[in-house]
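Worksheet for the structure shown next.
What you are looking at is a predicted structure, and each value in this text was computed from that prediction instead of being measured.
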There are 2 protein chains.
Amino acid sequence: MQQSCEEIKHIFLMLKNIDRQVTQNFEKRTGISLTRYEMLHTLLTKGQLSQIELQQFLKIDQAAITRHLKILEEKSFVIRTRNKQNNREVIVQITDTGKSVLGDCDLDRKQFFDEMFNNFTDQDIKHLQLLVRKLKDNTELKFI
Amino acid sequence: MQQSCEEIKHIFLMLKNIDRQVTQNFEKRTGISLTRYEMLHTLLTKGQLSQIELQQFLKIDQAAITRHLKILEEKSFVIRTRNKQNNREVIVQITDTGKSVLGDCDLDRKQFFDEMFNNFTDQDIKHLQLLVRKLKDNTELKFI
DNA sequence: GTAATACAATTGACTAGTCAACTATTGTTT
DNA sequence: AAACAATAGTTGACTAGTCAATTGTATTAC
């Protein structure tokens with residue numbers, strides 16, 4: 001590892017821009033924010049969850065979770081109820097409306113990501129996945 | 001390109017988290033935000049620039065540029081003066097204080113990025129750089 | 001069984017970005 | 001020369017995240 005520090009910084013600056021672009025355009029295309037999409041998707045595949053559990057999957061701040069859920073609840077995409085066994089917890093469930101919204105944006109979502117990676121080979125994607133995962137593991141270990 | 005869309009989405013979600021972590025911890029470590037560091041660094045290497053030119057290098061919104069410069073100016077890291085040849089433009093210059101701040105955080109910056117990539121081979125980094133650049137080019141072409 | 005502690009969620013104040021509306025200056029048309 | 005358009009910067013209102021303080025509930029210790 002003797003790569004120049006400048007180049008590494010440059011990689012991060014590019015990542016920053018990519019993240020912004022993707023986040024912004026995912027919502028424009030599908031009509032739902034990437035984070036809220038992921039919340040619904042998580043609730044669909046994992047079933048009902050407490051907010052803490054959602055937070056652990058999404059890895060964003062609790063406060064952000066609360067606020068996103070408020071929006072999703074207003075649109076009737078999720079239902080929130082206190083856990084009778086433990087009144088501290090809020091149990092979050094996706095509604096049928098929520099499920100159909102997920103289904104609706106499915107095509108757009110696929111197209112979006114396909115276009116984004118249309119000039120990538122399967123090898124490229126595998127590689128990228130591997131490297132990004134490694135980087136993610138580093139950040140998680142470093143910053144605790 | 002027949003990778004599952006889920007995996008691609010997952011790559012982006014990881015990128016999101018990495019970006020947040022890096023941004024946050026860069027500032028904790030060096031005492032200056034990554035974006036403002038990059039502004040100073042750009043001014044150091046390219047010389048004095050108008051805000052539009054800075055915006056083109058940094059690729060963030062004009063409004064964000066204005067606000068970051070306000071902070072850097074308050075700390076006397078930059079000086080801003082109207083261009084006499086074209087009074088619409090503001091010419092931004094790094095000060096000696098600014099330069100010394102850049103120098104001061106250099107070691108921290110190097111350590112930070114080195115730690116982040118300590119288990120990456122030179123090959124890995126080259127690869128990552130290549131793939132990220134490709135992705136960046138895609139976003140820039142797609143979203144205009 | 002009460003006091004202290006821990007936990008889940010919420011709220012407020014903050015940062016960094018976006019877009020859109022505005023101001024001031026410059027350049028162009030006629 | 002006056003009107004209009006384009007450009008550079010600023011400001012306000014918004015989004016999505018952060019952290020810290022608060023509230024309410026459950027658990028533990030004595």
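In the set C:dG17, C:dA6, D:dA6, the nucleotide with an atom closest to the side chain of B:R88 is D:dA6.
Under the 30°/60° scheme for interplanar angles, the aromatic rings of A:F117 and A:F120 are found to stand perpendicular. Ring geometry for B:F113 against A:F12 counts as parallel: the plane angle stays under 30°, on a 0 to 90° scale with 60° as the upper cut.
Nucleotide C:dC14 holds its P atom 16 Å from the CZ atom of B:R67, rounded to whole Å. The NZ-P distance, from B:K70 to D:dG12, rounds to 10 Å in whole Å. Computed from coordinates, the B:R20 CZ to C:dG17 P distance equals 14 Å when rounded to whole Å. Rounded to whole Å, the distance from CD1 on B:I60 to P on C:dT18 is 6 Å. Spacing between atom NZ of A:K59 and atom P of D:dT18 amounts to 12 Å, rounded to whole angstrom units. Computed from coordinates, the B:I32 CD1 to C:dA16 P distance equals 11 Å when rounded to whole Å. Atoms CD (B:Q24) and P (C:dG17) sit 14 Å apart, rounded to a whole Å. Atom CG in A:L69 sits about 13 Å away from atom C1' in C:dA8, given to the nearest Å.
In terms of phosphate contacts, B:R36 brings a side-chain nitrogen or oxygen within less than 4.0 Å of OP1 or OP2 of C:dA16. The side chain of B:T66 contributes no N or O atom lying less than 4.0 Å from OP1 or OP2 of D:dG9. Residue A:S50 places none of its side-chain N or O atoms closer than 4.0 Å to OP1 or OP2 of C:dA8. When the side-chain nitrogen and oxygen atoms of A:H68 are compared with OP1 and OP2 of D:dG17, one or more of them lie within a distance under 4.0 Å. Within the 4.0 Å cut-off from OP1 or OP2 of D:dT7, not a single side-chain nitrogen or oxygen of B:Q51 is found.
Across all strands shown, A:N87 has heavy atoms under 4.0 Å from sugar-phosphate atoms exclusively, and none from any base. Here A:T35 lies in heavy-atom contact (under 4.0 Å) with sugar-phosphate atoms only.
Salt-bridge annotation for B:D124 and A:K134: present, with a side-chain N of the basic residue lying under 4.0 Å from a carboxylate O of the acidic one. We find that A:D106 and A:K110 are joined by a salt bridge, their nearest charged nitrogen and carboxylate oxygen being less than 4.0 Å apart. Salt bridge B:D108/B:R29: absent, no basic N to carboxylate O contact under 4.0 Å.
Each of A:Q62 and A:N86 lies near DNA chain D, and the nucleotide nearest A:Q62 is the one positioned closer to the 5' end. Each of A:T23 and A:K84 has a nearest nucleotide on DNA chain D; the 5'-most of these lies closest to A:T23.
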